[in-house]
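Written out below as structure tokens is the structure these notes cover.
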Protein chains: 2
Amino acid sequence: MANLKVPKAPTIRRMPTYLQKLVELHAEGVPFVSTTVLANYMNLESIVVRKDLEITGISGQPGVGYKTDELIAAIRKFLGWNNVFEACLVGAGSLGSALLGYEGFEGYGLRISLVFDSDHRKIGTTIHGRIIHDIKRITELLKPCAMRLGMICVPSAYAQPAADLLVANGIKAIWNFANVSLQVPDDVAVQREVIAGGFALLSVKIAQLEAAKKNGEVRNVG
Amino acid sequence: MANLKVPKAPTIRRMPTYLQKLVELHAEGVPFVSTTVLANYMNLESIVVRKDLEITGISGQPGVGYKTDELIAAIRKFLGWNNVFEACLVGAGSLGSALLGYEGFEGYGLRISLVFDSDHRKIGTTIHGRIIHDIKRITELLKPCAMRLGMICVPSAYAQPAADLLVANGIKAIWNFANVSLQVPDDVAVQREVIAGGFALLSVKIAQLEAAKKNGEVRNVG
DNA sequence: TAGATTGTTAATCGATTAACAATC
DNA sequence: TAGATTGTTAATCGATTAACAATC
């Protein structure tokens, strides 16, 4: 069961958002960025950002901020996104296709270079520039690449078999978009994306706001 | 800035996963479920599940567990998912289409009943059973519904204008899938889905496992 | 010099984990 | 009765927040 517990998970989750904003600011030619700016953007307190950035080992200039380019490099290095992660994707349905179409991944060092499906109507066709391969050819195609990362976008019922197949072919990390919890060996990392989790939070937020309104509280609840 | 801070966020995020498993077990005719079973499924300790369920106010039977149907009802009620949430979606691109095709939402009480886009090639067509409407008709179509929830799936650059439009038309909660942080009034709830956050965590997990392997540690790191 | 910001230490808060009696 | 599990209280751990001197 490799749902590894990672220290500083909240900090790590915020990193890509810092990175995305920093890249934008860098493109605009902004040479320095302060935690105040990043905090405002993300509706956080600046101390949160300061503590978060600490983890990357970077140091800034008091009164000024951090060098934008250095900060970008530090975050990328911390996340291991300075080298390209080659990944394969299993399940070229609507979600899989959407992920294939997301250009943002390149900026995170993620390149989906192999795509598998079992649907014969899809096999051989091209989606967002990638050929869909027959899942039966996974060993033949995957082994030579020494690929470590696999993304699962198949229907829930096929997710565990897909995971087994990936593991059997040397994959060491699985990004799971299927709506089930996967069982994998201890030396394989799994990250499950539960988008309903976000909706659950939003539902509770809505209830909170409505309760606050009922009580005539207009002030910020958070 | 309505990125409300919700108490017990980790617990709330786990709720949909419990719910999904419970519904499955219920369909299989399992009358009682213990926290041990749920914990095993999710690779958690049972005490975590026990504490989580506490929040719903349900009580179980020592030595036996919780009545599956009661637990399902309690979680749904806690999340406000016993009534259907009508939602609209802006941006019928690949991600928007994928979300429209996700049947799981109905089980969470979420029904996407209105879809908008600005692309004239899409307007008037049907995706997964929903007609794509011209975003210009948003006021006309949204106002009569008294809809509270809006989903944003447009490219980053159009996300803030889309949010403004939703807010201007009475939307009180925004589920943001665009890769930017939105600014909204205090009485509007926002939930941003940052899928790169999951990838960041996975990247760190991979690094952790590789470091552990290097040190010859085969035991479970978590 | 004044204002802004970093870096660091300490305080607070909340989530997770442990322990165990009570119950089926 | 024995085994499993709940419910509750206390202990631990870690994340967030506060405070402030040092620096540009």
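Residue numbering restarts at 1 for every chain, and letters A, B, ... go by the order of the sequence lines.
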Base, sugar-phosphate, or nothing: which does B:S59 touch, judged by heavy atoms less than 4.0 Å apart? sugar-phosphate
When you check the gap from the basic side-chain N to the acidic O, do B:K172 and B:D187 get nearer than 4.0 Å? yes
Range on DNA chain D touched by chain B, heavy atoms, distance below 4.0 Å: D:dA4 to D:dT17
At 4.0 Å (heavy atoms only), tell me whether B:K51 reaches a base, stays on the sugar-phosphate, or touches nothing. base
Taking the inter-plane angle between the rings of B:F105 and B:Y102 on a 0 to 90° scale, is it parallel (under 30°), tilted (30 to 60°) or perpendicular (over 60°)? perpendicular
Looking at every strand, decide which applies to B:T35 at a 4.0 Å heavy-atom threshold: base, sugar-phosphate, or nothing. sugar-phosphate
Report the C-alpha separation of B:V154 and B:F177 in whole Å, then their side-chain angles, then the decisive distance to 0.1 Å, and conclude whether the side-chain contact (heavy atoms from CB on, under 4.5 Å) test is met. CA-CA 8 Å; B:V154 299; B:F177 291 87; over 6 Å; no
Reported CE-to-CZ distance for the pair A:M15 and A:R13, which is rounded to 0.5 angstrom: 13.5 Å
Testing A:R14, A:R76, A:E24 for side-chain contact (heavy atoms from CB on, under 4.5 Å) with A:L19, which one passes? A:R76
Judged by nearest nucleotide, the residue sitting upstream toward the 5' end of DNA chain D, A:P7 or A:V64, is A:P7
May I ask you to check whether over 12 heavy atoms, not counting those of A:Y158, lie within 6.0 Å of atom OH? no
Classify the nucleic acid contact of A:R13 as base, sugar-phosphate or nothing, counting any heavy atom under 4.0 Å across all strands shown. nothing
Close aromatic pair by centroid cut-off 6.0 Å: B:F199 and A:F85: yes
What are the two closest heavy atoms between B:I12 and B:P7, and how far apart are they? CD1-O, 3.5 Å
According to the Watson-Crick and G-U wobble definition with distances under 3.5 Å, which dot-bracket string, read 5' to 3', encodes DNA chain C, using [ ] for crossing pairs and | for pairs with another strand? ..||||||||||||||||||||||
Given that B:Y66 and A:P10 both sit by DNA chain D, which one's nearest nucleotide is further toward the 5' end? B:Y66
